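As the structure is a prediction and not an experimental result, all values here were calculated from the model. Start at 1 and go down the list; that is how both ligands and their atoms are numbered. Reckoned from all heavy atoms, side chains included, excluding hydrogens, waters and symmetry mates.
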Amino acid sequence: MSQNIPIARPFLGEEEAQAAMKVIKSGWLTQGPAVLAFEEAFSDMVGAQYACAVSNCTSALHLALLVVGVRPGDEVITASHSFIATANAIRYVGAIPVFVDIEPDSYNLDPAQVKKAISSKTKSILAVHQMGMPCDLQALTQLAKAHGIPLVEDAACAIGSEIKWNGVWQKIGKPQGDIACFSFHPRKVLTTGDGGMITTNNREWDKELRQLRQHGMSVSDSVRHASKNVVFEEYLRFGYNYRMTDIQAAVGLVQLGRMKSIIKERRRLAEQYMTSLTILPDVALPAEPQWARSNWQSFCVLLPSDCEQQSVMQSMLNDGIATRRGIMCSHREPAYSDHGLWRCWASEHGCDDQSERCLHLKNSENAQDNAILLPLFPGMTFEDQERVIASLVKACNQESRSNNG
Ligand SMILES: Cc1ncc(COP(=O)(O)O)c(C=O)c1O
């Protein structure tokens with residue numbers, strides 16, 4: 001009996017376990033030397049001047065929006081087609097998400113729609129690198145600059161992804177925008193169990209982020225610990241507990257060392273899917289623009305119209321293969337649709353559709369309803385991939401037979 005194939009599997013080993021144990025035995029468990037070392041290694045890896053470790057990417061996005069100056073009542077342009085944390089972070093600061101559609105083949109924000117959505121109330125663009133595929137940052141940064149609004153990057157899935165910037169390959173998070181936020185959740189390419197990182201080249205923002213993640217405290221634990229004099233802290237502003245622990249950071253440091261080989265392997269597996277899946281010409285494969293190198297955090301295919309998503313997924317699950325449906329759309333979830341907590345960019349032009357379907361988000365809705373994510377993780381064998389492909393072919397054939405009578 002063959003083993004089930006999961007959708008993802010974190011790539012962790014003995015080294016991570018040893019690193020975590022070393023911290024546990026050291027007696028310094030949070031906001032200590034391992035966090036500082038992880039921040040330094042991370043900023044070096046992406047080429048950013050500053051990196052601030054936090055508890056997860058949702059807290060990273062919350063703090064990023066605060067430091068770039070988004071306030072209650074402001075509008076932030078973003079994708080509905082993203083994990084709900086993207087929109088939630090905008091709500092955390094009391095602002096209103098203005099959702100624009102995605103491009104159908106990259107699953108990323110459509111810059112032409114972003115342009116139409118910019119108004120006097122827009123205080124930021126929150127651009128997502130969905131599933132690790134870099135979004136069109138050249139176009140989006142130009143728009144942001146032209147309107148004097150900061151560009152925040154939701155790079156939750158995009159560690160190690162690259163973009164060609166003025167002819168040179170750069171890591172996402174350098175940051176090409178103003179500030180970028182990463183996730184280290186186990187479904188991501190690098191994991192610390194849970195965790196996040198914020199990169200920026202703005203020294204003042206980095207200072208603020210460090211205060212905000214630790215209750216608004218004026219002195220960091222490491223500075224107080226190293227001081228020869230008694231230090232009394234102050235609470236300079238209303239802050240949060242968004243700390244990363246040293247146990248997480250120590251794991252993250254080991255994971256960073258594995259990044260190059262993890263991404264090389266993920267890109268090889270994606271290439272293999274791209275080649276083999278040409279046997280299903282009606283299944284649309286994800287597009288990697290010439291200026292982008294994805295880390296393939298997820299591998300997403302769009303099913304033809306005669307294949308019902310849930311039936312295909314069920315048939316594959318019956319074969320022992322886990323899949324996931326296309327990325328969710330926040331505007332269709334009760335947390336948003338029931339409360340009118342979002343705005344369609346076209347509202348002012350006659351679109352009052354705040355219900356479950358929005359004409360102006362049709363690519364997003366189509367991707368949620370008709371795309372599926374296939375298993376992709378280091379350690380996946382050639383035979384595993386062959387099984388996935390054979391199972392998908394079988395499911396699609398069954399579906400088209402039943403739909404064609
Ligand atoms: C695009 C995107 N943004 C934000 C998040 C939130 O990340 P975290 O779970 O680290 O808070 C996720 C997590 O899945 C995500 O995919």
Any salt bridge linking Glu39 with Arg213? Criterion: basic side-chain nitrogen under 4.0 Å from a carboxylate oxygen.
yes
For Gln248 and Thr245, which I'm curious about, is there any donor-acceptor pair between the side chains at under 3.5 Å?
yes
For Glu365 and His331, does a side-chain donor sit closer than 3.5 Å to a side-chain acceptor?
yes
What atoms of ligand 1 come within less than 4.0 Å of a heavy atom belonging to Ser82?
1 (C)
Shortest protein heavy-atom distance from atom 2 (C) of ligand 1, along with the residue and atom involved
Ala156 CB, 3.4 Å
What protein heavy atom sits nearest atom 16 (O) of ligand 1, and how far away is it?
Cys157 SG, 3.5 Å
Would you kindly say whether His81 and Ser364 are connected by a side-chain donor-acceptor distance under 3.5 Å?
no
Structural part of Ser59 in contact with ligand 1, heavy atom criterion under 4.0 angstrom:
neither
N/O of Asp154 under 3.5 Å from N/O of ligand 1, yes or no?
yes
Mind telling me whether Tyr240 and Tyr242 have parallel, tilted or perpendicular rings, with 30° and 60° as the class edges?
parallel
Lys188 N/O under 3.5 Å from ligand 1 N/O:
yes
Nearest protein heavy atom to atom 11 (O) of ligand 1, by residue and atom, and its distance?
Thr58 OG1, 2.5 Å
Could you tell me whether ligand 1 has any atom less than 4.0 Å away from a heavy atom of Gly196?
no
I need the atoms of ligand 1 closer than 4.0 Å to a non-hydrogen atom of Ala85, numbered in the order shown.
4 (C), 5 (C), 6 (C)
With a sphere of 6.0 Å drawn around CD of Glu40, does it hold more than 12 non-hydrogen atoms of other residues, nucleotides or ligands?
no
For Thr30 and Asp246, which I'm curious about, is there any donor-acceptor pair between the side chains at under 3.5 Å?
no
For atom 7 (O) of ligand 1, grab the closest protein heavy atom and report residue, atom and distance to one decimal in Å.
Cys57 CB, 3.3 Å
Would you call the rings of Phe42 and Phe184 parallel, tilted or perpendicular, taking 30° and 60° as the class edges?
perpendicular
Nearest non-hydrogen protein atom to atom 10 (O) of ligand 1, with distance, is Ser183 OG, 2.7 Å
Any N/O pair Asp194/ligand 1 closer than 3.5 Å:
no
Using a 4.0 Å cut-off to any heavy atom of Val128, which atoms of ligand 1 qualify?
1 (C)
Under a 3.5 Å cutoff, is there a donor and acceptor pairing between the side chains of Gln170 and Gln176?
yes
